[in-house]
Amino acid sequence: MAEPNISPLLAVPNEVLYEIAQHLPRHCQISLQCTCHAFYLPLQSLLISKHKDDILVFAAENNHLNLLIASLAAGADIQYRGKTRWNHQGNSDTVLHRAAAAGHTAIINELLRHNPPLEDRGGHNETPLLTAAMSGRQEAVDILLRAGCNPNTRTRYNGTILLAAIVSNLTPTAIAFLAQAGEREVFEAIRYNRQSIVELMFARGIAATIPAPLHIAAATTVALVKLCLAHKAPINKVDPREKGTPLSAAVAHGKLDIAGYLLEHGADPNTGPKKYRPIMTAVYSGQTEMVKLLLAHGVDLTSLRNPYADVLVSACERSPPSLVALLLDAKQGLLVDGNNNDWRKQGPLHIAAAWGNVGVIQLLLERGAKVDARRGPKLETPLQWAARAQQKEAVEALLEGGADTQLRCNGVTALLMANRSWGSVELRGRTMAALVRGGADINELGTKSRSVVNKIIAEERERKRLDEGKRAKKGVKPKKIVLKARTQS
C-alpha cells in the first residue's frame with residue numbers, strides 16, 4: 001500500500017487536526033501518529049481508542065514508553081500478532097519479540113509487568129530470549145533471563161542460546177552457557193574468531209569434541225592457529241570430511257600468512273589425497289604467491305602427473321601464465337606436452353585451448369609444446385578442442401603458432417567441429433571465421449553457414465579499415481603554430 005500524502009495536514013492546528021483525523025482512513029491516522037511527535041498529545045486518545053494494538057506495536061518498536069503504557073491501559077492485546085501499518089501481511093512476532101529484537105530495555109521491563117507469554121514462538125520460530133540473543137542485545141538477554149525465560153529452548157535449526165551468543169558476539173552470555181557447547185558451537189566459535197570463548201573451550205576440554213579444530217582455525221587467523229597448536233592439535237591430520245590437512249584449508253581460503261605459519265611449524269605440503277593436496281588447490285584457484293610458498297617448502301610435483309591429480313593440467317585451465325611458468329621451472333619433470341607414454345590422456349595445451357587460456361597457450365608454445373599433438377580419448381588436436389569449445393581467441397593463438405586447419409579426426413576438421421558445436425550462431429560464426437582466415441576450407445560448410453562466415457569476415461574487414469583510417473587521421477601532423485613573444489613594458 002502506498003504511503004498517504006499527509007504533508008498538507010502538518011500545518012493544521014491541533015484542534016482542527018483532531019476533528020479531521022476522526023474521518024481519515026486507518027492507515028492515514030497511524031501515519032499522522034508516526035510522522036510528528038507533536039501530534040501525540042492531541043491525537044493520542046483518538047488513535048488509542050481506535051487502533052490501540054497498532055499503537056502498542058509502534059510504541060514497542062520505536063521505544064515510546066508513555067505511548068506503550070497508555071495503549072496497555074486502554075486494553076491493547078499484549079499477544080497481538082496481526083496486521084499493522086508496517087506489515088500488511090501480518091507478523092507472528094509478539095510485542096515482546098519486537099522489543100527484544102530492538103533491545104528496548106524500558107519497553108521490555110514494562111511489558112514484563114503485564115505477564116506476557118515468555119515462551120511463545122515468533123516469526124522465525126524463536127522465543128523472545130532467542131530473538132534478543134540473535135539480535136545481539138545483551139541487556140535484553142539479561143532481563144529476559146531474570147524474568148524466567150527458558151534458556152534451553154532451541155531455534156528451528158536446533159540452535160542454542162550459546163550458539164546465538166557466539167554468532168552475535170555476546171561474550172558474557174556465551175561464557176554463562178558454555179556447558180551447552182557441542183561440536184557445532186565449537187565450530188562456530190572458531191569460525192567467527194571468538195578467541196576468548198575458544199580459549200575457555202580448550203581450557204575446559206570442550207574443543208576436544210570436534211575432530212579437526214585446526215582445519216577450521218586455518219581459515220580464520222594466525223592467533224587461533226597458534227591457540228590450536230598450543231593445545232596439541234595435529235598439524236598434518238587429514239579431515240575425512242574436508243579431505244585435506246589444515247594446510248589445505250588455509251590454501252583453499254587464500255590465507256597466505258596462515259599457510260606460511262603452518263609450513264614453518266611442521267606442516268607437510270605432500271600429505272593427503274593427491275587430488276586435494278595444497279598445491280593442487282593453489283594451482284586450481286590461480287594463487288601464484290601461494291604456489292611460490294609451497295614450492296619453496298618442498299612440494300613434490302613428480303607424483304602429481306596422473307589424470308586425477310595432474311598439477312600442470314589443472315594450472316592450464318584458469319591460472320595465469322606466470323603460475324604455469326613456475327611449475328615448469330621447478331625442474332621436477334613436468335612436460336609441456338604432458339605424459340608422452342599415454343596419448344589418450346589429455347594434454348596441457350588441449351586443456352588451455354578448451355578453456356580459452358590464451359596466455360598459457362602462448363607460453364606452452366614458446367616452451368616447445370607440439371601445436372598439432374593428438375591427445376585425449378579421440379586423439380584430437382588442440383585446435384579441434386578450441387573450435388568445439390568456441391574459443392575464438394584460443395583458435396587465433398593456435399593458428400599464430402602454426403596449427404594445421406586441415407587435420408581431421410574421424411574425418412572431421414576443426415571447422416566442422418566448430419559448426420556442429422552448441423552455442424549461439426554469432427559465437428560459432430566468429431570461431432569459424434577465425435578458422436577460415438587461418439586457412440580452413442570454407443567450402444566444407446553448408447550454404448547457410450558460409451553466408452554467416454562471409455558476413456562476419458566482411459564486417460571484420462570493414463571494422464579494420466575504419467580503425468586504420470582513424471589511426472591514419474591521428475598520425476597527421478598538426479599545423480605549425482607560431483607563438484609570438486610578449487613584449488616587456
Side-chain angles (χ1 to χ4, degrees), residues 305-307 310 312-318 321 324 328 334-457 460-461:
R305 293 183 297 180
N306 62 71
D310 194 320
L312 184 58
V313 166
S314 296
C316 290
E317 287 188 9
R318 289 170 287 191
V324 178
L328 294 173
L334 298 183
L335 303 175
V336 292
D337 284 320
N339 189 346
N340 293 320
N341 296 324
D342 188 353
W343 290 100
R344 292 193 175 275
K345 293 179 181 178
Q346 54 196 7
L349 189 58
H350 288 73
I351 295 298
W355 283 83
N357 199 338
V358 176
V360 171
I361 291 173
Q362 295 169 344
L363 173 67
L364 293 174
L365 292 176
E366 290 171 3
R367 296 294 182 98
K370 297 177 182 178
V371 70
D372 289 325
R374 291 181 177 273
R375 299 294 297 274
K378 296 182 180 180
L379 299 180
E380 297 171 331
T381 65
L383 184 63
Q384 291 168 340
W385 279 44
R388 183 190 294 109
Q390 301 173 25
Q391 299 288 355
K392 174 179 174 288
E393 290 77 11
V395 166
E396 293 173 341
L398 291 167
L399 291 173
E400 289 176 5
D404 187 355
T405 59
Q406 304 303 320
L407 292 179
R408 296 176 180 268
C409 176
N410 295 328
V412 180
T413 61
L415 182 62
L416 290 177
M417 287 184 179
N419 190 34
R420 296 173 183 178
S421 60
W422 293 95
S424 65
V425 176
E426 174 81 9
L427 190 57
R428 285 191 286 118
R430 294 195 178 281
T431 305
M432 290 188 291
L435 288 165
V436 170
R437 287 197 307 273
D441 185 6
I442 195 173
N443 293 320
E444 288 186 318
L445 302 175
T447 305
K448 186 176 180 180
S449 298
R450 284 202 304 270
S451 63
V452 170
V453 172
N454 285 327
K455 181 181 178 181
I456 291 174
I457 292 176
E460 291 177 348
R461 285 176 180 171

Minimal non-hydrogen separation, [X] against [Y], with atom names:
| X | Y | answer |
| --- | --- | --- |
| Gly356 | Ala394 | CA-CB, 4.0 Å |
| Ala397 | Ile361 | CB-CG2, 4.1 Å |
| Pro382 | Ala353 | O-CB, 3.4 Å |
| Ala389 | Ala354 | CB-O, 3.5 Å |
| Ala434 | Lys392 | CB-CG, 4.4 Å |
| Ala433 | Ile456 | CB-CG2, 3.9 Å |

Beyond-backbone contact of [X] with [Y], side-chain heavy atoms, under 4.5 angstrom:
| X | Y | value |
| --- | --- | --- |
| Leu435 | Leu383 | yes |
| Leu349 | Asp337 | no |
| Leu328 | Leu312 | yes |

Got a second to check how far [X]'s [atom1] is from [Y]'s [atom2], nearest 0.5 Å?
| X | Y | atom1 | atom2 | result |
| --- | --- | --- | --- | --- |
| Thr381 | Lys370 | OG1 | NZ | 14.0 Å |
| Leu416 | Cys409 | CG | SG | 12.0 Å |
| Glu444 | Thr405 | CD | OG1 | 8.5 Å |
| Asn357 | Leu363 | CG | CG | 9.5 Å |
| Thr431 | Glu393 | OG1 | CD | 8.5 Å |
| Asn454 | Met432 | CG | CE | 10.5 Å |

Item to complete: Check whether more than 12 heavy atoms from other residues, nucleotides or ligands sit under 6.0 Å from atom CZ of Arg408, and answer yes or no.
Response: yes
Practice prompt. Report, as yes or no, whether the 6.0 Å neighbourhood of atom CG on Asn410 holds more than 12 heavy atoms from other residues, nucleotides or ligands.
Written response: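 Count not over threshold, so no.
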Sidechain-backbone polar pair: [X] side chain, [Y] backbone, donor-acceptor under 3.5 Å:
| X | Y | value |
| --- | --- | --- |
| Arg388 | Met417 | no |
| Gln384 | Leu407 | yes |
| Gln391 | Val358 | no |
| Arg428 | Ala418 | no |

Discussion item. Pair Glu400, Leu365 - check side chain to side chain contact (heavy atoms under 4.5 Å, CB included), show working.
Written reply: CA-CA 10 Å; Glu400 289 176 5; Leu365 292 176; over 6 Å; no
